[in-house]
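Remarks on the structure that follows.
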Amino acid sequence: ASSREKKLRRSVVISLGRLGVGSARHRALLFKLLADSLNIKCQIRKGVSASGTDDLAVAFVQMAGKEYIVDLVTNPGALLAASGFTTQHDRFKR
């Protein structure tokens, strides 16, 4: 899938949302790296208390004094209210 995207876009740059591989944890780590390079406040949290499951890592960002979860799997780039995440965690599994 990645080589096809590179050919289609005539670039080695692939949008995070277009990746067909990698777990939520891998995507969260990549997003954290990118956010840090852009000085966006971002935390990665994992475990039952943060995501409702031990198998998941989630990227949290702060914007305008509120905390959001960045959807990196189902609808990449969408921001979800952090307060409702534990009831929505199944959306992030892949």
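Residues Ala59 and Ala28 share a closest heavy-atom pair of N-CB, 4.2 Å. Considering every non-hydrogen atom in both Ile44 and Lys32, the closest pair reads CD1-CB, 3.4 Å. The two residues Lys46 and Ala57 come nearest to each other via the heavy atoms CB-CA, 4.0 Å.
The main-chain N or O of Leu72 is found under 3.5 Å from a side-chain atom of Arg27 such that the two form a donor-acceptor pair. No donor-acceptor distance shorter than 3.5 angstrom exists from the side chain of Asn75 to the backbone of Ala78, with no hydrogens or angles considered.
Within the structure, salt bridge (Lys or Arg N to Asp or Glu O under 4.0 Å) pairs that include any residue of residues 56-69 comprise Arg45-Glu67 (at least two apart or interchain).
Considering only residues two or more places apart in sequence or on other chains, Ile40 meets the side chain to side chain contact (heavy atoms under 4.5 Å, CB included) condition with Ala35, Leu38, Val61.
By the 4.5 Å heavy-atom criterion applied to side chains, Val70 and Phe31 are counted as neighbours.
Criterion: ILVMFWY side-chain heavy atoms under 4.5 Å apart, direct or through other members. Under it, Val58 and Leu33 are not part of a common hydrophobic cluster.
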